[in-house]
Amino acid sequence: MNHSAESPNFRSIFSLSNATRFVQIAESLGVFALLMIVVIGASIIAPGFFTYTNLTNTLIAASITAVTGLGMTFAIAMGGFDLSVGSVQVLTAIVVADLLSAIDPPLAILGALLTGLAVGLVNGVLISKLRLPAFVVTFGMMSIVRGVALLITQGQSVMITKHVEFGLLNNGKILGLPVPFIIMTMVFLALSVLLKHSPFGRHACAIGGNRAAATVSGINIDRTTIAVFGLVGVTAAISGVMLSSQLMIVDATLGTGFELQAITVSVLGGTSLSGGHGNLVGTVFAALLLATIASALNILKVISFYQYLALGVLLIFALAIDTGRRAFIAKSLAARPG
Amino acid sequence: MDLSEAANRKINGQPSYTIFVLSFLTRYYIQSLLVISVVILAAVNPYFGTVGNLQNILLQASFAGIGAAGMTLLIVSGAFDLSVAGLLGLCGVLISEFLPSLGVVLTVVTALVFGVLLGLLNGLVVTKLRIPAFIATLGMMNIYLALAFIWTQGSRVIAVSDPNFNTLGTGALFGFLPIPFLVMIATYLVCYGVLNRSVYGRCLRAVGSSEIAARTAGLPVDLIRILAFAIVGGCTALAGVFLSAELSSASAIMATGYELTVIAVVVIGGTSLKGGEGTLFGSFAGALFFAVISSALNILNVAAYWQYVVTGVFLISALGVQALRSYILVE
C-alpha cells in the first residue's frame, strides 16, 4: 500500500519526498544525539570506557555490524529483508579460516566474498524468479547455510595458524584509525554512491517505494532484486572476514542473532520498513550506538543476557518509532492539498 | 477458493483417471508424500518399521505438531510468530521452577496461562504498534530468550523430576499411543472446529484474505489477530509442557530452531503464507512427515547437521511447490 498511489500527481509525490527527507535528516540527527548522550553517559558512569583501547574495540565491533547493516539498508529500501546474514557471516568466517591454511590471504578473502555473493544470488533468484516472500526464503536459507557451516567444521573450531598477518585486518592501523573502521568507511562510501547516484540504487528505491509503478516504468525488477540480495550477501561476507580476523578462531555457532542486529541498526538509523529510501549515515550511527551500549554494559559487568534483552527492546523501540514515522509521512502528505 | 476444485472445474466435461489422480495428488500431496516415504523407509530399513521407532516418530511429531496447529490459525489470519522458540523456552523454565512447589496440575495450568499471556503480548506489539509481525516477533524472541537466560542464570539445564509430570511425556495409551500424540490429535480437532466451524474461524479467514475488506465490513481486525497470537502462545506452551516432561529437564535453549520447524510444517502442509486459507489436516501430516524424515536421517546415520539443511530446503521447496501449483492452475 503506497500513499503516492492514492493521489498520483506530481505535487503529492514531491511533498512525499520532502517529508521523507525531513524525517530522514531528523532521524540521523536523533540517532547521532542519542549516540552522543550514551557516549558521554558511558564515559561518566563506566570508568575505562573512554580509553583508547576500549574506544578502538567499540569502533571495531560497530564496524563489523555496520558493514552488514549497510547492505541490509539496501534490501530494506527495496522493500525486502535478509534473515540469512548471520549464517552467511559465520559460513564465510569459516571459509576464510579454512582457505588460509591452503592459500594466500587475498585469495582466501576472495573465496569468502564469492561464497557470500553466491548465497545472496541464490536468495535473489528464489525471491524474484519464483516470487516467494523474501523473509521466508532467507529464513530457510538461514537454516541451510548454518547447516553447511556445521557440516564443514563438523562442529569443531577452526583456528587460523598460517598467515597470522591476516589478523592485521582487525588490529592494524592506518593513520591511527583501525583497519575495520577504514573498511566500513569504504563500504559506506561505495554504497552511498550506489544508492544515491547510480541507476541501480534508484531502481532499488523505486521498487521499494512503489513496485507496480517501478514495473510500469520499465525497471527490470528481477535483475535489481537479485543484485541487491547479492550485495547483501557480499556485505555479510565482508563482516564474516572481519569477524574471522578479529577472533582468529571460529566455529559454526557464531553469528546467531546477527540478522537481528543488522535489521535493528538499519531501522534505528532511519530506514523505514515501508521501503523506498535508505538512510546509510543513520545505519552507521546506529551501529556505533549499539556497540557503545554493549561496551558500556560489558564494562559495568552487566551479565551478557541483559544485552540480548537490550537488543530486543531496542529493536521493538526502533520499529515503534518507524510506525510513527510512517504515520507522520502519511499525515504530511494528506495535509498538503494535491 | 480451493485450487484443486478450480482444476476440477476447469477440466469439467472430460473426467479422466489421470486428472483425478493429479488433482488428488495436488490436494493431498503431503499426505501422499507421507505414506510413500513411510512405505519406502519401512521396506528399505528393517528398524524403521519397529513399534519403538514408530512410537518415537509419533512422539517427536507431536512437539512440532501441537505448535503448528496454533500457527496454522495465525498464518490463516495473515500473520506469523517467530518468537515461539523463546516462548517455549521461557515456559519450560517456568515449569521447572514452579513444579516442586505447585504440583502438576497447577503448574501446567500456570504454564498455559503464561503462554497465552505472552501470545497476547506478541499480538499487542504487532497490532497496536503496527509493526510487521515477523520482525516484531523476531525481537520478542530475543526478549523471551534473554528473560529465560536471566531466570536460569545462563543456559543452565534444570531437572524436571516429578514422576507424575514426566508420565505426561513418556506415558502411552494401550502401551503404544504416546500421550503427547493423543493431545496433538485433540489440539487439531479443537483447532479444526475453531477454524472451520466457528464464527471466529470465519473472521480469521476473512482477515487473512483481505484485511481492508474485513475492516470495512466492521470486523475487529486487531482483536481477531491478538486472539490468534494468544492461541499460538497457548499451543506453544502446551508443546513446552510435553517437551519438558519428555526431556525431564528444561533450559532457555531447549527449543532452538522450533519456529523454523513449526512454520516449515505449516507451509509444507499446504497452508498458503498469503493467508485466508489453511488446512489443519495438512499441518498434521506435515508434522508427521518431518518426524519421519528426521527419524530416517537418524537411522541412516546421517550427520545431525543435515537436519538444518533439510528443514530449510523443505521450507523453500514447499513454497516453490505452492507457487508452481497456483501458476499451473492459473495457466
Side-chain angles (χ1 to χ4, degrees), chain A residues 1 76 81 83-84 87 122-123 126 129-133 135-155 252 256-257 259-261 263-264 267 273-274 303-324 326-327, chain B residues 80 82-83 86 125-126 128-136 138-155 211-212 252 256-257 259-261 263-264 267 273-274 303-324 326-327:
Chain A
M1 198 174 64
I76 297 181
F81 264 101
L83 296 180
S84 68
S87 299
V122 172
N123 277 337
L126 288 171
K129 296 294 178 195
L130 292 182
R131 309 225 176 290
L132 304 179
F135 72 97
V136 195
V137 169
T138 54
F139 191 46
M141 199 54 92
M142 172 171 111
S143 182
I144 296 174
V145 173
R146 173 82 52 187
V148 171
L150 283 164
L151 284 170
I152 291 179
T153 57
Q154 288 301 319
T256 32
E259 62 284 345
L260 203 66
Q261 291 183 26
I263 294 173
T264 306
V267 179
L273 284 180
S274 53
I303 326 169
S304 62
F305 318 126
Y306 285 96
Q307 295 185 22
Y308 287 103
L309 192 65
L311 182 63
V313 172
L314 208 60
L315 176 64
I316 301 288
F317 170 72
L319 291 165
I321 286 184
D322 180 47
T323 307
R326 278 181 285 167
Chain B
F80 278 90
L82 298 185
S83 75
V125 169
V126 169
K128 295 304 172 192
L129 295 180
R130 309 214 164 285
I131 304 173
F134 68 97
I135 184 154
L138 197 62
M140 294 312 284
M141 152 114 123
N142 236 38
I143 294 176
Y144 296 153
L145 269 184
L147 290 176
F149 276 136
I150 291 168
W151 198 347
T152 59
Q153 288 139 29
S155 46
E211 191 181 330
I212 299 170
T256 316
E259 72 282 6
L260 185 79
T261 318
I263 290 180
V267 170
L273 285 179
K274 295 191 187 83
Y305 306 129
W306 277 105
Q307 196 81 45
Y308 291 89
V309 180
V310 168
T311 312
V313 168
F314 274 143
L315 175 60
I316 294 178
S317 32
L319 278 176
V321 168
Q322 279 185 11
L324 205 68
S326 49
Y327 176 77

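Within every chain, numbering begins at 1; the chains are lettered A, B, ... in the order of the sequence lines, protein sequences first and strands thereafter. In this text, all values refer to a predicted model and were calculated from it rather than measured experimentally.
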Turns out that what part of Leu126(A) lies under 4.5 Å from chain B's heavy atoms comes down to side chain
Before giving the answer on side chain to side chain contact (heavy atoms under 4.5 Å, CB included), spell out for Tyr308(A) and Leu145(B) the whole-Å C-alpha distance, their side-chain angles and the decisive distance to 0.1 Å.
-> CA-CA 8 Å; Tyr308(A) 287 103; Leu145(B) 269 184; 5.9 Å; no
Turns out that what part of Val313(B) lies under 4.5 Å from chain A's heavy atoms comes down to both
Between Ile131(B) and Ile316(A) the two heavy atoms that sit nearest each other are CD1-O, 4.0 Å
Interface check, chain B: of Arg146(A), Gln154(A), Met141(A), Gln307(A), most non-hydrogen pairs under 4.5 Å belong to Gln154(A)
The reported gap from CZ in Phe149(B) to CG in Asn142(B) (rounded to nearest 0.5 angstrom) is 9.5 Å
Turns out that what part of Leu132(A) lies under 4.5 Å from chain B's heavy atoms comes down to side chain
Kindly say whether the aromatic ring centers of Phe139(A) and Phe134(B) come within a distance under 6.0 Å. no
Okay, Leu260(B) and chain A: the region with an atom under 4.5 Å from a heavy atom over there is both
Thr311(B) and Ser143(A) have their tightest heavy-atom pair at CB-OG, 4.4 Å
Honestly, the part of Tyr144(B) sitting under 4.5 Å from a heavy atom of chain A is neither
The interface call for Ile144(A) against chain B, heavy-atom contacts under 4.5 Å, is both
Under 4.5 Å to a heavy atom of chain A? For Met140(B) that would be both
Checked Leu319(B), Ile150(B), Leu315(B) vs chain A; the most non-hydrogen pairs under 4.5 Å come from Ile150(B)
d(Leu138(B) CG, Glu259(B) CD) to nearest 0.5 Å is 8.0 Å
Looking only at Leu130(A), Leu260(A), Leu273(A), the option with the highest number of non-hydrogen pairs under 4.5 Å against chain B is Leu260(A)
Interface check, chain B: of Leu311(A), Leu319(A), Leu315(A), Ile263(A), most non-hydrogen pairs under 4.5 Å belong to Leu319(A)
Counting heavy-atom pairs under 4.5 angstrom with chain B, the leader among Ala149(A), Pro133(A), Ala252(A), Gly155(A) is Gly155(A)
One option among Val125(B), Leu147(B), Leu82(B), Ile143(B) has the most heavy-atom pairs under 4.5 Å with chain A, and it is Ile143(B)
Output for pair (Ile135(B) CD1, Glu259(A) CD), nearest 0.5 Å, gives 10.5 Å
Residue set satisfying side-chain contact (heavy atoms from CB on, under 4.5 Å) with Ile321(A), at least two apart, ordered chain then number -> Glu27(A), Phe317(A)
If you count every heavy atom of other residues, nucleotides or ligands that lies below 6.0 Å from Trp151(B) atom CH2, does the total exceed 12?
yes
Bottom line for Leu83(A): the part with an atom under 4.5 Å from chain B's heavy atoms is side chain
